[in-house]
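Notes to accompany the following structure.
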Number of protein chains: 2
Amino acid sequence: MDILTQTEENYLKAVFKITENDEKVASTNAIAALMNTSPASVTDMLKRLAGKGFLNYEKHRGVNLSEHGNVLATNLVRKHRLWEVFLVKMLDFSWDKVHDIAEQLEHVQSDELVERLDLFLDRPQFDPHGDPIPDADGKMTMRKQILLSTLAPNNEAVLVGVQESAATFLQYLDKMRLSLGTQLKIIERFEYDGSVKIMLTGGEEITISHKVCENLFVQKTK
Amino acid sequence: MDILTQTEENYLKAVFKITENDEKVASTNAIAALMNTSPASVTDMLKRLAGKGFLNYEKHRGVNLSEHGNVLATNLVRKHRLWEVFLVKMLDFSWDKVHDIAEQLEHVQSDELVERLDLFLDRPQFDPHGDPIPDADGKMTMRKQILLSTLAPNNEAVLVGVQESAATFLQYLDKMRLSLGTQLKIIERFEYDGSVKIMLTGGEEITISHKVCENLFVQKTK
DNA sequence: AATTATTTTTAGACTGGCCTAAAATTTAGA
DNA sequence: TCTAAATTTTAGGCCAGTCTAAAAATAATT
């Protein structure tokens with residue numbers, strides 16, 4: 001019986017997001033910060049979700065997803081990203097506007113809907129921010145991408161994803177004419193503040209801050 | 001400040017549905033029956049929604065929508081029907097499966113989403129069950145449709161809508177090869193039980209019950 | 001190692017949305 | 001018209017999800 005409330009689903013997603021990279025467990029505080037709620041509320045919910053078998057939880061030790069919880073969370077990510085593709089590709093939304101709407105759409109319950117949407121969109125592998133879309137079995141194709149901040153001068157690369165997807169950041173990229181697929185070459189890295197001068201296709205040269213570099217995923221092309 | 005919970009929205013829709021035809025007001029019991037809830041719960045909610053200005057409510061008198069509430073409810077109907085069109089036209093769902101999914105999708109909050117969806121679907125005027133879709137200003141094009149049960153023998157007509165949209169009824173129509181746009185001619189009406197023999201395009205003759213006739217909207221063609 | 005700072009949990013309370021049972025009101029019938 | 005039936009509302013309580021404040025546990029610092 002896998003009928004969770006939207007709130008419960010959001011908690012699972014939060015744990016997923018926090019633990020998907022390095023972290024082994026998600027802390028109460030981290031979850032509270034991510035969800036704009038109080039640590040006390042988080043503790044309550046963690047106990048509920050652990051009781052239902054979606055989380056592994058020991059007092060004061062943080063949580064992570066059980067196998068069952070992981071399936072649920074992955075499916076939510078799949079739905080979220082598929083809807084984002086729909087919004088951008090079909091409804092012509094800009095990539096900085098789709099997150100909030102997809103947050104709502106991802107909670108619609110219908111396996112058949114997801115399957116048909118996936119088919120309609122031609123089984124996309126990446127969402128508008130370059131994030132991989134899990135397939136119906138939870139598998140996703142990973143790219144050998146690196147952060148732009150780790151790339152040495154003279155290398156050439158193509159922008160394939162963003163780490164952060166806050167609207168303000170995406171709008172900044174739009175202004176700079178940086179979009180997924182953009183080819184670029186590292187001209188110079190300034191050690192003083194970590195900013196980097198890059199050349200875009202067409203020869204235009206721009207300088208971007210270290211913070212921006214840390215939020216751009218690229219693949220080396222030469 | 002028009003942020004309602006999904007439940008509140010569902011109550012407004014229920015009042016809309018009950019009062020859209022003949023009834024001047026919706027009774028507590030009628031709402032409770034439609035929403036599968038108890039009359040006591042309905043009374044609670046009616047007071048809340050009236051307090052927020054969405055309903056006109058006097059004790060023991062039933063309710064109807066305020067101007068404000070009517071705008072909200074109409075917009076919900078618009079969203080519901082647009083999503084149904086999307087599901088059938090774009091995702092190739094059959095018309096008996098879309099209601100429940102649209103019930104969820106209609107609660108997604110984004111005016112821009114609705115506008116873009118409407119445009120994407122080419123501003124449809126009717127949903128897959130033949131119901132009119134309100135435009136952004138709440139106006140809808142009404143057809144001069146009548147119930148098949150009121151049509152006399154020898155008249156020819158085209159099926160343009162269904163009154164009831166329960167899955168079992170729609171599946172029955174599919175089996176009988178009755179779909180929107182189907183041309184038909186009344187051959188004979190049996191007074192005994194109100195059933196009617198009709199001829200479809202192609203010459204096939206079928207007999208349908210009075211109950212079915214009362215749930216089919218047609219337009220006379222001759 | 002002892003104390004301080006941080007994190008996490010508990011306790012108690014609030015709202016929304018629901019319930020059942022009982023009271024009040026309206027409607028229908030004799 | 002007066003009583004019975006049906007409808008509606010009130011009363012009181014439950015659960016999910018949230019909060020603040022305080023207590024407990026863990027981590028950091030001296």
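A note on names: the letters A, B, ... follow the listed sequences, proteins ahead of strands, and every chain is numbered from 1.
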I need the [atom1]-[atom2] distance between [X] and [N], as an integer number of Å.
{"X": "B/Asp44", "N": "D/dG13", "atom1": "CG", "atom2": "C1'", "value": "12 Å"}
{"X": "A/His60", "N": "D/dA25", "atom1": "NE2", "atom2": "P", "value": "7 Å"}
{"X": "A/Ile3", "N": "D/dC15", "atom1": "CD1", "atom2": "P", "value": "19 Å"}
{"X": "B/Lys52", "N": "C/dT15", "atom1": "NZ", "atom2": "C1'", "value": "11 Å"}
{"X": "A/Ile31", "N": "C/dT9", "atom1": "CD1", "atom2": "C1'", "value": "14 Å"}
{"X": "A/Met45", "N": "D/dA16", "atom1": "CE", "atom2": "C1'", "value": "8 Å"}
{"X": "A/Leu4", "N": "D/dA16", "atom1": "CG", "atom2": "P", "value": "13 Å"}
{"X": "B/Leu49", "N": "C/dC18", "atom1": "CG", "atom2": "C1'", "value": "15 Å"}

*Return yes when atom CG of B/Asp193 has more than 12 non-hydrogen atoms of other residues, nucleotides or ligands closer than 6.0 Å, and no otherwise.*
yes
*asked:* Closer than 4.0 angstrom, basic N to acidic O: yes or no for A/Lys79 and A/Glu84?
replied: no
*Is A/Lys211 paired with A/Glu164 through a side-chain N to carboxylate O contact shorter than 4.0 Å?*
no
*On the 0 to 90° scale, with breaks at 30° and 60°, tag the A/Phe169-A/Tyr172 ring pair as parallel, tilted or perpendicular.*
parallel
Look at [X] and [N] and indicate whether a side-chain polar atom (N or O) is within less than 4.0 Å of OP1 or OP2.
{"X": "B/Tyr11", "N": "C/dC18", "result": "yes"}
{"X": "A/Ser38", "N": "D/dC19", "result": "yes"}
{"X": "A/Tyr57", "N": "C/dT8", "result": "no"}
{"X": "A/Ser41", "N": "D/dC19", "result": "yes"}
{"X": "A/Asn29", "N": "C/dT6", "result": "no"}
{"X": "A/Thr37", "N": "D/dC19", "result": "yes"}
{"X": "A/Lys59", "N": "C/dT10", "result": "yes"}

_Need one value for A/Thr43: base, sugar-phosphate or nothing, where a base atom within 4.0 Å counts as base even if backbone is also close, heavy atoms only._
base
*Between A/Arg61 and A/Thr5, just flag the one whose closest nucleotide in DNA chain D comes earlier from the 5' side.*
A/Thr5
_Side chain of A/Lys47 - closest among D/dT18, C/dT10, C/dT26_ = C/dT10
*About how many Å separate CD1 of A/Ile101 and NZ of A/Lys97, when rounded to the nearest 0.5 Å?*
8.5 Å
